[in-house]
Amino acid sequence: MVLSGAGYEVTTAPDGVAALTRLAYAPPSLVILDLAMPNVGGIRVLEEIKSVPAWADVPVLMLTASGAGDNLVKVRRLGARGYLLKPITPARLIEQVALILNDPTLIWLDDMTRSRAG
């Protein structure tokens with residue numbers, strides 16, 4: 001609802017299986033995944049996205065309530081563009097989504113750092 005209200009076209013999926021199925025129809029401009037999704041978790045969905053050539057360039061933003069450093073390292077290594085910890089305010093979510101979509105030099109975004117290609 002937050003992103004729709006900000007003018008973005010949003011498609012939702014109740015779990016990882018549905019997310020992967022929806023990607024097959026038309027790759028979106030951005031995928032937002034939770035680490036803890038039913039059926040197929042966010043890390044596995046990220047692995048699948050990055051393994052399919054037609055989807056590999058789609059930026060992925062991970063949202064999670066888990067601040068576990070090993071997950072942050074893993075999703076970054078797998079090719080996610082960012083990792084944000086919940087709770088996240090609507091304004092911050094909109095800001096981060098816009099940053100990823102509009103800044104081609106941004107290679108990594110999290111709650112502590114912003115990295116740009118040099």
Could you tell me whether the side chain of [Y] reaches within less than 4.5 Å of the side chain of [X], counting heavy atoms only?
| X | Y | result |
| --- | --- | --- |
| Met62 | Leu84 | no |
| Leu61 | Arg81 | no |
| Leu3 | Ile94 | yes |
| Trp55 | Val31 | no |
| Val60 | Ile49 | yes |
| Asn71 | Thr64 | no |
| Arg76 | Tyr83 | no |

If you take all heavy atoms of [X] and [Y], which pair is closest and at what distance?
| X | Y | result |
| --- | --- | --- |
| Gly42 | Leu33 | O-CD1, 3.6 Å |
| Asp57 | Lys50 | C-NZ, 4.5 Å |
| Val58 | Pro27 | CG2-CB, 4.0 Å |
| Gly16 | Val45 | CA-CG2, 3.6 Å |

Under the side chain to side chain contact (heavy atoms under 4.5 Å, CB included) criterion, do Asp34 and Lys86 qualify, and how do the steps go? CA-CA 10 Å; Asp34 196 314; Lys86 295 186 234 174; 2.4 Å; yes
Output for pair (Gln96 CD, Leu63 CG), nearest 0.5 Å, gives 10.0 Å
As an exercise, state the distance from CD1 of Ile88 to CD of Glu95, rounded to the nearest 0.5 Å. 8.5 Å
Of the options Leu20, Ile43, Val40, Leu23, which is the one that meets Glu48 in a side-chain contact (heavy atoms from CB on, under 4.5 Å)? Leu20
What residue among Ile100, Leu101, Leu99 forms side-chain contact (heavy atoms from CB on, under 4.5 Å) with Asp103? Leu99
